[in-house]
Each structure stands twice: as C-alpha cells, then as structure tokens.
2 protein chains.
Amino acid sequence: MERLNVLVCDDDTAIVDALEIYLKHENYGVLKAYTGAQALQALAEHEIHLILLDIMMPEMDGLSATIRIREERNIPIIIISAKSEDTDKIAGLNFGADDYVSKPFNPLELMARVKSQMRRYTALGSIALKSGILKSGGLELDRAGKEVRVDGEIIRLTPTEYGIVVFLMENLGHVFSIAQIYEQVWNEPSYAAENTVAVHIRRIREKIEINPREPKYLKVVWGIGYKIKKY
Amino acid sequence: MERLNVLVCDDDTAIVDALEIYLKHENYGVLKAYTGAQALQALAEHEIHLILLDIMMPEMDGLSATIRIREERNIPIIIISAKSEDTDKIAGLNFGADDYVSKPFNPLELMARVKSQMRRYTALGSIALKSGILKSGGLELDRAGKEVRVDGEIIRLTPTEYGIVVFLMENLGHVFSIAQIYEQVWNEPSYAAENTVAVHIRRIREKIEINPREPKYLKVVWGIGYKIKKY
DNA sequence: TGAAAATCTTAAAGCTTTCTTAAGAATAAG
DNA sequence: CTTATTCTTAAGAAAGCTTTAAGATTTTCA
C-alpha cells in the first residue's frame, strides 16, 4: 500500500509541528508549508493526497488558496480556522473545502476527519490515486494522462523517456547518476548501459527544451549526473 | 442534471420537517425516516445519494445503522447528534461517517456540509451516480439511456464496445493498459487477451472517430495503453 | 425451437515506433 | 593542452499497434 501524504499549511509553526506528530503517528507522510504560496508550490512538486489549511495566513489567505487549489487538483481540503463563526464555516465549505474545523480543535477529532476524507478518496480505487500534476516552471507532468506538457503544449514521449521524466520530476532538483537513473527506470542493475541513458536524455531534451544545447530543465551536473531543475 | 436525494433520519419529527424545507430549498429530493429500520428500508427502495442520520434513535441507534449502511452502500453519511463530546464525534467518524454535526446546529452550515459531500460524491462520479451524462468535447455518454453520442448523433455500440467506452469515460484522461481494460470490462484476469481488446478498440474508433487513423477521442499512448482524451 | 443476424474471438501480416549499440565529435575541468 | 565526461548521429533490432478476415459464439426474432 502506498503512503498517503498530507500537506499541512499554517503560519503558526507550533501547530504545524504538532500536527506533524499526530499525522506521522497515523502513518501519513507529512509536508509542511507556512504560506499559501508555499502550499501551492508544494502541491506542484509533490504528490499530495489531502490538505490541512489554515484560513488566516500572510501573503495569501486560505480561501483564495482553496480556490486556486481546487482549480488545479481535486483533492480533499480541510480548513482549520481561528474563526468559529458559522458564516465563515459556510463560506469555507462553499468555496470548495471538504471540511471545516475551528481552533482550538481536538487533534484526535481532526485525525478522525482526515481519515474519513482519505477513506472516501481512496475508496474509489487506487486508480485515482496516482494522479496529480507535477510542475517546474513551464514543464508539467500529468501522471493520470501519462502526458508531459511544456508551456501548455503536449509533448509526445516514449515510455522510457516518460519513465525518466517521471523519476526526475518526482525528485525535483535532486541529482542522480546515470547508473541510478538506469536502475530506477529499467528496474535492473545497470551494466555498461551508460550510453543508453545518455541517448534517451538527448532525445528528451530535443523534445522538451527550447534549445537542447542549453537545457533549461534537464540539467547535467558534471561528473555526477542529471536532474530536472526546480523553478 | 439529475436530482440528488437526501434521506433524513431522526426520531424528532420537528427536526426532520425543518430539514426537509431547507433541503428542498437547495433543490434536493427528500426522503424521511423516523427509525433506523425505516432508514434501511428507504435505502433499499429508493435511490439515495446522502444520509443525514440522528445518532440517538429508538429501535436501532445511529452508529449501528451507520455500520449497516456502509456495508450495503457506499454513500456519504452525515451524523447529527445531541452529543457534542469529542469522543462521540471521533467514534462516529471512525465508524464510517463522513461528517459529524452537533445539535443545536446552524441549518445553513449543515446545508454547506451537505453540498460539500455531494460535490465530492458526484465529482468522482463513476461508482456513485449510475446515471448522468459524461462528456468530452463532442463525445457524450448517457449512462441512463445507455447511449453514446458524437456531435449529437447516436452511435450504435455493441455491449462490449459500450463497456470499454464507459470504463474509459468514467476515468477520462487516465491511461490504462490493455490488460487493465480487459480486467475491468470483462471482469476476469486477462490472459493473452491483448488482441481481443485491440480489435474492439479498432471498431470503437471506426464508429466514434471522424478519421479512425487519427483518433480525436480514443488515443493510444505508445507502450502504455489507451485513454479517452479530455477536452 | 430453429434459422438468421449480430457480436466476439483468434490469428497473422504489415506497419510504425521505440530501443540499443557503437563510434566519433564536442565540451568542461584542471 | 590533456583527459575524462558528455553529446550527437545513425542504423539495425526489437517491440507494439493496426488492420483484415474468418470461424466461433451468442443473441434475436419469427
């Protein structure tokens, strides 16, 4: 069973840290963000299955964030708020949140609500699970449709090329040696397969880069390996 | 759009009647039950999309009812309770409820929570609502009438062809391997049935595509599988 | 029930795309 | 300037998709 990831977003670090402990205890993966902007970025770069979102944050308030998240991904959002007014709850729910919890909250109740959302989310089969769009600048990876887009335009990749991009995008910014890439994508030990990978890299660049000679996304780190740069 | 039905179950007739008014105002169909047994019966006899369930009822308490409902149908359950203790909430949610509201509650907040559950329930569609029309560009699937239309014109598909289209339309944009398609549509393990699916794909294309050589809807993703493209 | 029609399955051939390999060119680092 | 590393190109081999056709099976309707 694959691990489910929760993004916790609150400007109060104490709350974030506390929630992290509870969530990890329930065996969820935890990602942390302290502003709405950070939340949106985390969403683009990682596979996330549920969001706990504070509604009062600097930079971007939770409601706006909720709307933007809804536009991009259809994952459960639970709003956590200091406002316990009914009108705020109603507004939050109508803006697309799936649940609304007021501070101070009982962490165990919150965990039960997280579980409840996850249950429904995963009930529809793991089919819906491996979806979501990962982004870095103009480069987008749509794992549901097995599609890669650059500045909105669909790029046609072969299965191997696609596999390499998925691996690098799922580990955005990390550098991997050719051997590591081969082992991950081919799922077998790399024995003198250096050049094979190089050729694939070459062809991926030809497809996704404006100027393959000076790659914007698929970067080489001399003597070490390759990565897709984080934007 | 089809009407969504809510089953309201509470032994307090005043509450049931009040909720009925609010729900009808939101354009939901309303069914009423005053005991757990009646609720289960209503569930068996009518198409119901969400349940509002009081937790303290004669004959059968709400928690037991929740469990029995969950066993039969996978529809959203919102528990309404006089108990506002956190432990009760947590118990209710863990027993399979999707939300928990304490009395006295703000009816508008409750409506917002109903809407929120319905939104998710109908968004993922597939398993939940067995009717309704799915669309992608000019391609329409009317599950109620078991009909497929292209630019308004009815396309006559065979049962197997229809099954494949339903599966792919219910997971619009997702790519599935031939083996996955076979297993989902035939409901049995695919053993060397690769070509069977391919032939059906071929014939579906002949019927729904303007130019089967360059399919607009039923796309192949080389080395991976097929999908119906999202427009 | 029996014949006709419709649908499904299987096999095989042809076509297209993708992968790998190898060898030489280009580039960065010291 | 030398060496190690990466990039590029091309071509044959392998893998995957499409199409056709014919026989088997199921459904329909008289």
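Every chain is numbered from 1 and lettered A, B, ... according to where its sequence line falls, protein lines coming before strand lines. Since this is a predicted model, take the numbers as computed values, not measurements.
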Exercise for the section: Can you tell me the distance, in whole Å, between the NZ atom of A:Lys207 and the C1' atom of C:dT18? Expected result: 9 Å
Exercise for the section: Report the distance from atom CD1 of A:Ile178 to atom P of D:dT5, rounded to the nearest whole Å. Expected result: 11 Å
Exercise for the section: Could you state the atom-to-atom distance from CD of A:Glu194 to P of C:dA23 in whole Å? Expected result: 17 Å
Fill in the blank from the handout: By nearest-nucleotide position on DNA chain D, the 5'-leaning member of A:Val220 and B:Ile201 is A:Val220
Completion exercise
Separation of C:dT20 atom C1' from A:Glu161 atom CD, nearest Å, is 13 Å
Exercise for the section: Could you tell me whether a side-chain N or O of B:Tyr28 sits under 3.5 Å from a main-chain N or O of B:Leu50, the two making a donor and an acceptor? Expected result: no
Handout entry: Short side-chain N/O contact to C:dT20 OP1/OP2 from A:His200, under 4.0 Å
Key = yes
Problem - Rounded interatomic separation in angstrom, taking NZ from B:Lys219 and P from D:dC17 - result: 15 Å
Exercise for the section: Tell me what B:Pro159 touches on the nucleic acid: a base, only sugar-phosphate, or nothing, going by heavy atoms under 4.0 Å. Expected result: sugar-phosphate
Practice task
Select one nucleotide: of C:dT21, C:dC8, D:dT6, the one nearest the side-chain heavy atoms of B:Thr160.
Solution key: C:dC8
Exercise for the section: Indicate, with a heavy-atom threshold strictly under 4.0 Å, whether B:Arg205 touches base, sugar-phosphate, or nothing. Expected result: sugar-phosphate
Fill in the blank from the handout: The nucleotide from D:dA21, C:dT17, D:dT8 with an atom nearest the side chain of B:Val199 is D:dA21
Handout entry: ring pair (Phe, Tyr, Trp, His ring centres under 6.0 Å) partner of B:His200, the single match among B:Tyr162, B:Tyr226, B:Trp186
Key = B:Trp186
Practice task
Examine distances only and state if a side-chain atom of A:Lys207 and a backbone atom of A:Arg156 form a donor-acceptor pair shorter than 3.5 Å.
Solution key: yes
Handout entry: CG-CZ distance between A:Leu93 and B:Arg113, expressed to the nearest 0.5 angstrom
Key = 5.0 Å
Practice task
Give a yes/no answer on whether the side chain of A:Thr196 brings an N or O atom under 4.0 Å of OP1 or OP2 in C:dT20.
Solution key: no
Practice task
Could you check whether B:Thr158 gets within reach of a base, just the sugar-phosphate, or nothing at all, counting any heavy atom under 4.0 Å?
Solution key: sugar-phosphate
Practice task
Measure the acute angle between the ring planes of B:Phe176 and B:Phe167, then classify it against the limits of 30° and 60° as parallel, tilted or perpendicular.
Solution key: tilted
Problem - Sugar-phosphate only, base, or nothing, as touched by B:Tyr162 at under 4.0 Å among non-hydrogen atoms - result: nothing
Practice task
Using atom CG of A:Asn211 as one end and atom P of D:dC7 as the other, report the distance to the nearest whole Å.
Solution key: 13 Å
Problem - Rounded distance in Å - CD (A:Glu206) to P (C:dT17) - result: 16 Å
Problem - Pair A:Glu26 + A:Lys24: basic N to acidic O under 4.0 Å - result: no
Problem - the helix from C:dT1-D:dA30 to C:dG30-D:dC1: angle between end helix axes, five pairs per end, rounded to 10 degrees - result: 50°
Exercise for the section: Report yes if a side-chain nitrogen or oxygen of A:Trp186 is closer than 4.0 Å to either non-bridging phosphate oxygen (OP1 or OP2) of C:dT20; otherwise report no. Expected result: yes
Practice task
Compare side-chain N and O positions of B:Arg202 against OP1 and OP2 of D:dT19 and report whether any pair is under 4.0 Å apart.
Solution key: yes
Exercise for the section: Name the residue closer to the 5' end of DNA chain C, choosing between B:Val197 and B:Trp222 according to the nucleotide with the nearest heavy atom. Expected result: B:Val197
Practice task
Give the rounded distance in Å between these two atoms: CZ of B:Arg156 and P of D:dT28.
Solution key: 10 Å
Fill in the blank from the handout: In short, B:Val221 meets A:Gly145 closest at the heavy-atom pair CG2-O, 4.5 Å
Practice task
Give a yes or no on whether the backbone of B:Thr158 and the side-chain of B:Glu161 come within a donor-acceptor separation of less than 3.5 Å.
Solution key: yes
Exercise for the section: Choose from D:dT8, D:dT6, D:dT19 the nucleotide whose nearest atom is closest to any side-chain atom of A:Arg213. Expected result: D:dT8
Exercise for the section: With DNA chain D as reference, determine whether A:Tyr226 or A:Arg203 sits nearer its 5' end, using the nearest nucleotide of each. Expected result: A:Tyr226
Problem - Closest to side chain of A:Asn195, choosing from D:dT18, C:dC8, C:dA23 - result: C:dA23
